[in-house]
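Down below is the structure, laid out as structure tokens.
Just so you know, these numbers use all the heavy atoms, side chains as well, and skip hydrogens, waters and symmetry mates.
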Protein chains: 2
Amino acid sequence: MTDDEDTWTPPEILVAVDLVILTLRASVFHVLLIERGIEPFKGAQALPGGFLNNAEEDIYAAALRELREEADLDGTDLHIEQLGAYGTPGRDPRGRVLSIAYLAIAPGLPDPVAGTDASGAAWVPVERALSGDVQLAFDHWKILDDAVERARSKLEHTPLATAFCGTTFTIADLQEVYEAVWGVDLDPRNFYRKVQRVPGFIESAGADRRMTTGRPARLFRAGPAATLHPPLTRPDPSNDSEEGR
Amino acid sequence: MTDDEDTWTPPEILVAVDLVILTLRASVFHVLLIERGIEPFKGAQALPGGFLNNAEEDIYAAALRELREEADLDGTDLHIEQLGAYGTPGRDPRGRVLSIAYLAIAPGLPDPVAGTDASGAAWVPVERALSGDVQLAFDHWKILDDAVERARSKLEHTPLATAFCGTTFTIADLQEVYEAVWGVDLDPRNFYRKVQRVPGFIESAGADRRMTTGRPARLFRAGPAATLHPPLTRPDPSNDSEEGR
DNA sequence: TGAATAGTGTCTCTCAGACAGTATACG
DNA sequence: CGTATACTGTCTGAGAGACACTATTCA
């Protein structure tokens, strides 16, 4: 905006939207990946996403549209937040593409995605997707890594864990979310008290119960709190090299 | 990416970079704002920023360039991180502009910015900038608000506060940062112990001292830690309506 | 009845906040 | 000497983690 005021015009750039859709399936933390059918990165796995439809489309609306087209999910039910912009030149071999990444959290979906627009959509365990065994297209490994860290961190200070559950859930369900996303084991009894003590985190959903062997559990729904006071802190990973005392 | 595979081409969009530069001046939390000299929003205050130079420029590099051009700051010394993308259609009355916002933290700069590219650059207290008394251009109020909340939050879990100080600082300096950014008063004695206990937060910078009235203070520099364990938590704002006991 | 899961009580250790008290500079 | 700032010690109450114990269901 300094030199060449008369002749210079700002460049126009291709803008895309990428989605990191996280969920819990059978108590395991999963992400939705799609096998690319065309070059570049043909045959590799990629996050669902695509370009803006037109120069007037809102980026958030584009994220909702891709969610519908590629995962057959209704974004109005889900937690969605923006992760950030990934715009390093060269990240797409076809040319300059600026991608806005979104993080979506879905309640456990029992069946693999089928009949969707993209062929080869599949839920992949996050641990496997980040392990290096899976070939990820573009800079999608970095985007996924950022998304997972964002989710892990937000579990501590926000009620994000409830977004992994349905409208009602038990405290054991909530604990499964924390254990799967953080990759740790938690004491059910301490977890129980801790969660109950945070004002506005969860509230009772009637005297309802639930089928299982053992004593029925109370059902809860997400409460009005936007942040957790006190927070639920992750166990310190510095206690790794522990001895049997 | 679904219909009109043969005829449709993705739209190209103008991409800009906006900077939220935060610092401490005389123990008060400030942000750098620039008075706009041209329409739209002529006469209003705006965050420094501008369009990408060309279609190959990296967005992070563009942020560094704007930092140099508009604030005469060298980004290699500063903490810089991406805040997010702001792309609502209509945010710029001239047309569709997607803006990538960056957060920069600078050590206290004693003098107002002068001799810079943009006329009317000024440090404005954050509280005043967000109060509504200052007319902010575009959606810059929202960007600033997000940036301030990001900074406040990161003070808890990362050594970000050291980015507000020079290479060496006293613990009292660090406390001023926390007090100014959070807008609270802290007990110096508890703060002292708390900060010292976090491994890797700060480390002694020799037996150096410092001029002031009263006992000289030890100097420290930023330590190697990327996150603070345990964190420094903000006082609970729910203790507002307190009585005199 | 036993197995399985849900939920409670209680102990101990650590940490946060309050604040008395000591140390070292300047005038 | 007093004053101002830097730093240390100690008390108390709240929360984290460990774990014994009670409650309620199904087979």
Side-chain angles (χ1 to χ4, degrees), chain A residues 27 155-157 165 168-176 178-179 182 184-199 201-220 228-240 242-245, chain B residues 27 155-157 165 168-176 178-179 182 184-199 201-220 228-240 242-245:
Chain A
S27 305
L155 283 197
E156 297 191 84
H157 313 97
C165 304
T168 63
F169 48 85
T170 68
I171 291 186
D173 292 338
L174 208 57
Q175 186 183 342
E176 273 189 0
Y178 278 89
E179 291 183 328
W182 283 349
V184 298
D185 284 326
L186 301 173
D187 185 298
R189 299 157 297 187
N190 291 332
F191 185 82
Y192 201 93
R193 274 190 294 101
K194 218 157 152 179
V195 164
Q196 297 255 54
R197 201 179 309 174
V198 182
F201 188 8
I202 58 175
E203 53 190 26
S204 179
D208 289 326
R209 333 210 123 193
R210 201 188 184 207
M211 64 199 63
T212 172
T213 176
R215 174 176 175 176
R218 297 183 224 158
L219 284 176
F220 294 84
L228 306 185
H229 297 289
L232 281 87
T233 50
R234 277 185 265 194
D236 197 336
S238 68
N239 299 359
D240 284 0
E242 193 121 351
E243 313 197 27
R245 195 224 182 244
Chain B
S27 306
L155 282 197
E156 297 191 84
H157 313 98
C165 304
T168 62
F169 48 86
T170 68
I171 293 186
D173 291 339
L174 208 56
Q175 185 183 344
E176 272 189 1
Y178 278 89
E179 291 183 328
W182 283 349
V184 298
D185 283 328
L186 301 173
D187 185 298
R189 298 157 298 188
N190 291 332
F191 185 83
Y192 201 93
R193 273 189 296 99
K194 219 156 152 180
V195 165
Q196 296 255 55
R197 200 180 309 175
V198 181
F201 188 8
I202 58 175
E203 53 188 29
S204 179
D208 290 326
R209 333 209 124 193
R210 203 189 184 207
M211 64 198 66
T212 170
T213 175
R215 174 175 173 175
R218 296 182 224 158
L219 283 177
F220 294 86
L228 305 183
H229 297 288
L232 282 87
T233 50
R234 275 184 266 195
D236 196 337
S238 67
N239 299 359
D240 283 359
E242 192 121 348
E243 313 197 27
R245 193 227 181 236

N/O contacts under 3.5 Å, protein versus nucleotides 11-17 of chain C?
unit_1: C:dG17; atom_1: OP2; unit_2: B:Lys194; atom_2: NZ; d: 2.6

Response to the item:
Residues passing the side chain to side chain contact (heavy atoms under 4.5 Å, CB included) test with B:Thr168, sequence neighbours excluded, are B:Ala205, B:Leu219
Practice prompt. List the steps and the verdict of side chain to side chain contact (heavy atoms under 4.5 Å, CB included) for B:Glu176 and B:Phe169.
Written response: CA-CA 11 Å; B:Glu176 272 189 1; B:Phe169 48 86; over 6 Å; no
Worksheet entry | Side chain of B:Arg189 (C-beta onward), nearest among C:dG21, D:dA6, D:dC21 | C:dG21
Worksheet item: Which is it for A:Phe220 and A:Asp173 under the side chain to side chain contact (heavy atoms under 4.5 Å, CB included) test, yes or no, and what are the steps along the way?
Response: CA-CA 10 Å; A:Phe220 294 84; A:Asp173 292 338; over 6 Å; no
Worksheet item: Any donor-acceptor pair under 3.5 Å linking the side chain of A:Tyr192 with the backbone of A:Ile171?
Response: no
Roughly how many Å is it from [atom1] in [X] to [atom2] in [N], rounded to a whole number?
| X | N | atom1 | atom2 | answer |
| --- | --- | --- | --- | --- |
| A:Tyr192 | D:dC19 | OH | C1' | 18 Å |
| A:Gln175 | C:dG7 | CD | P | 12 Å |
| B:Glu176 | D:dA6 | CD | C1' | 14 Å |
| A:Leu186 | D:dA18 | CG | P | 10 Å |
| B:Ile171 | D:dC7 | CD1 | P | 6 Å |
| A:Gln196 | C:dG7 | CD | C1' | 9 Å |
| B:Leu174 | D:dA6 | CG | C1' | 15 Å |

Item to complete: Compare every heavy atom of B:Arg193 with every heavy atom of B:Asn190, then report the nearest pair and how far apart it is.
Response: OD1-NH2, 2.6 Å
Worksheet item: After noting the C-alpha distance and the side-chain angles of A:Phe201 and A:Leu232, does the key distance pass the side chain to side chain contact (heavy atoms under 4.5 Å, CB included) rule?
Response: CA-CA 11 Å; A:Phe201 188 8; A:Leu232 281 87; 4.0 Å; yes
Check nucleotides 24-27 of chain C against the protein and report each pair of N or O atoms closer than 3.5 Å, with its distance, or say if there are none.
unit_1: C:dA25; atom_1: OP1; unit_2: B:Arg209; atom_2: NH1; d: 3.0

Worksheet item: When rounded to the nearest 0.5 angstrom, what is the spacing between CG in A:Leu155 and CG in A:Leu228?
Response: 9.0 Å
Worksheet entry | Aromatic ring pairing B:His157/A:His157, orientation class (parallel under 30°, perpendicular over 60°, tilted between) | tilted
Discussion item. So, OP1 or OP2 of D:dC7: does either fall under 4.0 Å of a side-chain N or O from B:Arg218?
Written reply: yes
Practice prompt. May I have the step-by-step check of side chain to side chain contact (heavy atoms under 4.5 Å, CB included) for A:Glu156 and A:Trp182, ending in yes or no?
Written response: CA-CA 10 Å; A:Glu156 297 191 84; A:Trp182 283 349; 3.5 Å; yes
